[in-house]
Amino acid sequence: MFKIESFSLLSEAGMVRYETGDFEVGGYKWCLALYPNGNKDENADGHVSLYLVIKETEKLPACWDVNASFKFFVFDQIRDKYLTIEGVDGSSKRFNVIKTEWGFSQLLSIESLRNASNGYLVGDSCMFGAEVFISKSSFKLEQLSMIKCTRDNVITWKLKDFSKLNEKYYYSEVYYFEESKWYTLLYLCIHTC
């Protein structure tokens, strides 16, 4: 949760974006990014925009991705309850090198925020927040490539004196096919009586 005092001064000062201090969830650093006058890049004039941002991504391993589901809150100070905003299906969002923030460009209209009967802006102060859950993802990638068999892609590997082989494994020579290097590996299981 973060509280903004003198919200009207943010608009008057022309503040485009405000980032909260970092917080940790699931071993990752996060912050919230608030656009008090709407994210102009998302055509959100007349609205408050709010995003969840993953931080310190330079410390993450190459090809990182993090799946997070989240809800945003706007505190109703009159009724002592929260307006909750989340995606249509509540599904998680995938954060990665290309997409480091997710959220709502039109979280709440400035008109609704300023409407005193809603209780969101009281004494020129308001409170926003987020609830974040990390889901560990694991996946297995399997690929099957079919190659049309021609005389050019048949490789023969001859092993001389097969019965005299005594190593655990043998590698064939490297051969090239369709811009890839290939070799054959033969494992021997030797049993003695």
Side-chain angles (χ1 to χ4, degrees), residues 1-11 13-115 118-122 124-144:
M1 299 296 298
F2 72 100
K3 184 176 183 179
I4 300 172
E5 295 180 346
S6 304
F7 183 85
S8 61
L9 293 180
L10 289 178
S11 300
M15 178 176 280
V16 175
R17 176 182 168 120
Y18 172 79
E19 286 191 5
T20 66
D22 294 351
F23 57 93
E24 188 173 326
V25 176
Y28 302 99
K29 298 280 186 173
W30 305 88
C31 79
L32 297 179
L34 175 82
Y35 293 77
N37 293 308
N39 184 348
K40 306 296 185 221
D41 294 337
E42 300 286 331
N43 298 316
D45 288 334
H47 290 82
V48 173
S49 303
L50 188 61
Y51 301 89
L52 176 65
V53 182
I54 190 165
K55 305 289 284 188
E56 298 183 2
T57 57
E58 68 281 356
K59 295 180 181 178
L60 298 175
C63 300
W64 64 272
D65 71 356
V66 176
N67 292 311
S69 55
F70 56 91
K71 299 175 186 176
F72 290 135
F73 302 100
V74 184
F75 184 55
D76 176 347
Q77 299 173 60
I78 296 172
R79 294 164 202 67
D80 194 29
K81 64 180 187 176
Y82 296 94
L83 168 66
T84 305
I85 300 112
E86 65 179 313
V88 174
D89 56 4
S91 65
S92 64
K93 300 295 182 191
R94 184 172 171 234
F95 292 77
N96 55 41
V97 173
I98 297 168
K99 186 78 171 164
T100 58
E101 61 183 58
W102 285 93
F104 299 94
S105 58
Q106 297 182 3
L107 179 82
L108 184 67
S109 72
I110 292 174
E111 183 181 323
S112 292
L113 179 71
R114 290 189 173 152
N115 184 334
N118 290 331
Y120 305 133
L121 190 64
V122 174
D124 205 23
S125 73
C126 54
M127 194 177 307
F128 296 92
E131 182 178 60
V132 182
F133 295 97
I134 306 302
S135 55
K136 299 290 182 187
S137 64
S138 64
F139 69 92
K140 177 182 174 183
L141 174 64
E142 186 173 314
Q143 179 175 332
L144 172 63

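These numbers were taken from a predicted model, which means no experiment stands behind them.
A heavy-atom distance below 4.5 Å is found between the side chains of Leu32 and Phe23. Side-chain contact check for Leu34 versus Phe2: some heavy-atom pair is nearer than 4.5 Å. Side-chain contact between Tyr82 and Met1 is present, with at least one heavy-atom pair separated by less than 4.5 Å. Residues Thr57 and Phe95 are not in side-chain contact: their nearest non-hydrogen atoms beyond the backbone lie 4.5 Å or more apart. Contact annotation: the side chain of Asp80 approaches that of Phe75 to within less than 4.5 Å [non-hydrogen atoms, C-beta and beyond]. Between Leu83 and Tyr120 the shortest side-chain heavy-atom distance falls below 4.5 Å. Residues Asn118 and Val74 have side chains not in contact (no heavy-atom distance under 4.5 Å, counting atoms from C-beta outward).
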Pair up each side-chain donor or acceptor in residues 41-50 with any protein partner under 3.5 Å, not counting sequence neighbours, and list the distances.
residue: Asp45; atom: OD1; partner: Lys40; partner atom: NZ; Å: 2.9
residue: His47; atom: ND1; partner: Asp45; partner atom: O; Å: 3.2
residue: Ser49; atom: OG; partner: Asn39; partner atom: N; Å: 2.8
residue: Ser49; atom: OG; partner: Ser105; partner atom: O; Å: 2.5

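Heavy-atom minimum distance, Ala130 versus Phe72: CB-CD2, 3.7 Å. For Glu19 against Arg17, the heavy-atom pair with the smallest separation is OE2-NH2, 2.7 Å.
Put simply, the side chain of Glu24 never gets that close to the backbone of Lys29: no donor and acceptor are under 3.5 Å apart. A donor-acceptor pair is defined here as one N or O able to donate and one able to accept, closer than 3.5 Å; no such pair exists between the side chain of Glu86 and the backbone of Ser69.
Open room surrounds NZ on Lys81; 12 or fewer heavy atoms of other groups in view lie less than 6.0 Å from it.
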Practice task
Would you please test Trp30 and Phe70 for ring pair (Phe, Tyr, Trp, His ring centres under 6.0 Å) and show each step?
Solution key: CA-CA 12 Å; Trp30 305 88; Phe70 56 91; 8.4 Å; no
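In this structure, the side chain to side chain donor-acceptor pair (under 3.5 Å) partners of Arg94, at least two apart in sequence or on a different chain, are Asp65.
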